[in-house]
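Working notes for the structure below.
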Amino acid sequence: MTDGDPVDEVIEVIAQSATEIRRGLVGRREDADAENPSGETQAEADVYADELLADRISSIDGVRQYGSEERQETVDCGDDGLSVAVDPLDGSSNLKSNNTMGTVFGIYDEPLPAPGTALVASGWILYGPITTMACARDGTVRKYELAGDERSLVDDGITLPDDPLVYGFGGRVPDWSEAFEAFTREVESDDSLKLRYGGAMIGDVNQVLTYGGIFAYPALEDAPRGKLRLQFEGNPIAYLVEAAGGSSSDGTQSILEVEPDDLHDRVPVHVGNDELIDRLEDALE
Ligand code: AHM
Ligand code: MG
């Protein structure tokens with residue numbers, strides 16, 4: 001039941017769509033012969049998930065805009081109210097090898113592009129061995145298991161474990177800055193931490209939420225804003241990790257403080273336990 005609250009309704013619609021998105025992956029693993037606005041080749045499943053979510057979300061009362069990593073412009077949904085930004089299939093290059101992927105969403109109370117401070121809720125679906133949803137709202141993070149139309153709460157009030165265990169950093173090592181590489185060597189030499197990297201941000205960040213640690217897709221030599229997109233990826237995961245008691249950083253400040261210029265802006269992403277993000281910011285100074 002959503003009691004007519006549009007934020008709850010958006011979350012419910014995304015949860016219900018996840019089963020269909022997952023089912024729709026079969027037979028849609030090939031490239032779609034098109035590029036998204038970031039210049040990346042789309043998979044057929046990217047297009048399918050985007051169209052399904054655009055259709056469902058834009059018909060919710062109280063939604064003003066739908067924006068997606070997979071489309072250039074936002075969709076005007078005809079109402080005042082919320083703006084919903086999604087990465088319909090995060091990590092879709094994992095389709096080929098049949099590895100983990102996700103769906104990411106941010107619900108903003110301002111028109112897109114909006115800063116992370118305008119988020120009222122965010123979350124992700126993880127298509128792992130089972131389908132789960134992590135959702136942050138009003139400072140609380142909850143985890144659900146999804147099966148068909150059923151959403152079962154399995155964890156309420158999730159916080160990052162105090163003792164971090166995992167780290168995973170994206171991008172090619174030769175493309176990292178010297179400062180980021182030096183930070184990585186320090187992390188690698190800490191024998192309480194181990195490497196976990198799967199090439200889908202949601203899979204990797206979900207491990208950080210579960211075990212504690214740090215995930216990063218940093219600035220690269222030829223891409224000073226990194227790879228991940230602020231509206232659809234950086235802000236939603238930063239909001240959730242911060243609600244779980246962790247920190248986020250673009251290298252100098254919380255990702256939620258970054259002012260967007262464009263819907264498809266990129267941002268260097270670092271999220272995890274406070275202590276590791278503090279050390280990272282010191283290292284990048
Ligand atoms: P996508 O949303 O188009 O799939 O791209 C984002 C993904 C992230 O999930 C992941 O962290 C990163 O791209 C991996 O990039 P790369 O393949 O360059 O290592
Ligand atoms: Mg993505």
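Just so you know, ligand 1 is whichever comes first in the structure, and atom 1 is the first atom listed for that ligand.
- At a 4.0 Å heavy-atom cut-off, ligand 1 touches D87 through the side chain alone.
- The other members of the hydrophobic cluster of F232, by chain and number, are Y108, L112, L119, Y239, L256, L263 (side-chain heavy atoms under 4.5 Å, ILVMFWY only).
- Near L228, the atoms of ligand 1 lying under 4.0 angstrom from a non-hydrogen atom of the residue are 6 (C), 8 (C).
- The shortest N or O to N or O distance between M201 and ligand 1 is under 3.5 Å.
- In this structure, atom 4 (O) of ligand 1 lies nearest to the protein heavy atom G91 N, 2.7 Å.
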(request) Could you walk me through whether F180 and F169 pass ring pair (Phe, Tyr, Trp, His ring centres under 6.0 Å), step by step? (result) CA-CA 10 Å; F180 187 80; F169 302 151; 5.1 Å; yes
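- Interface atoms of ligand 1 facing E69, defined by a heavy-atom separation under 4.0 Å, are 1 (P), 2 (O), 3 (O).
- The proximity of R229 to ligand 1, defined as any non-hydrogen pair under 4.0 Å, is limited to the side chain.
- Closest to atom 18 (O) of ligand 1, if we only count protein heavy atoms, is Y217 OH, 3.2 Å.
- No N or O atom of N36 sits closer than 3.5 Å to an N or O atom of ligand 1.
- A side-chain contact (heavy atoms from CB on, under 4.5 Å) with P164 holds for exactly one of D274, V208, V187, L193; it is L193.
- Applying the 4.0 Å criterion to heavy atoms of A200 picks out, from ligand 1, the atoms 9 (O).
- Atom numbering of ligand 1 starts at 1 in the shown order; those under 4.0 Å from a heavy atom of E233 are 2 (O), 6 (C).
- Not close to ligand 1: G170, with no non-hydrogen atom less than 4.0 angstrom away.
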(request) Evaluate the criterion salt bridge (Lys or Arg N to Asp or Glu O under 4.0 Å) for residue pair E188 and R185; output intermediate values, then yes/no. (result) CA-CA 5 Å; E188 285 170 338; R185 299 300 163 233; 2.8 Å; yes
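- The Mg ion (ligand 2) has D87 OD2, D90 OD1, E233 OE2 as protein N, O or S atoms under 2.8 Å away.
- At least one heavy atom of Y197 sits less than 4.0 Å from an atom of ligand 1.
- Across all their heavy atoms, N94 and T100 have their closest contact at ND2-O, 2.9 Å.
- Residue I202 does not touch ligand 1, judged by heavy-atom distances below 4.0 Å.
- In terms of protein heavy-atom proximity, atom 17 (O) of ligand 1 is closest to K227 NZ, 3.9 Å.
- For the pair R28 and Y48, the distance from NZ or CZ to the six-membered ring centre is under 6.0 Å and the angle to the ring normal is within 45 degrees.
- Nearest approach of P6 to D61, heavy atoms of both residues: CB-O, 3.6 Å.
- Close approach to E40 involves these atoms of ligand 1, each under 4.0 Å from a residue heavy atom: 3 (O).
- The minimum heavy-atom distance linking R151 with M133 is given by the pair CD-SD, 4.1 Å.
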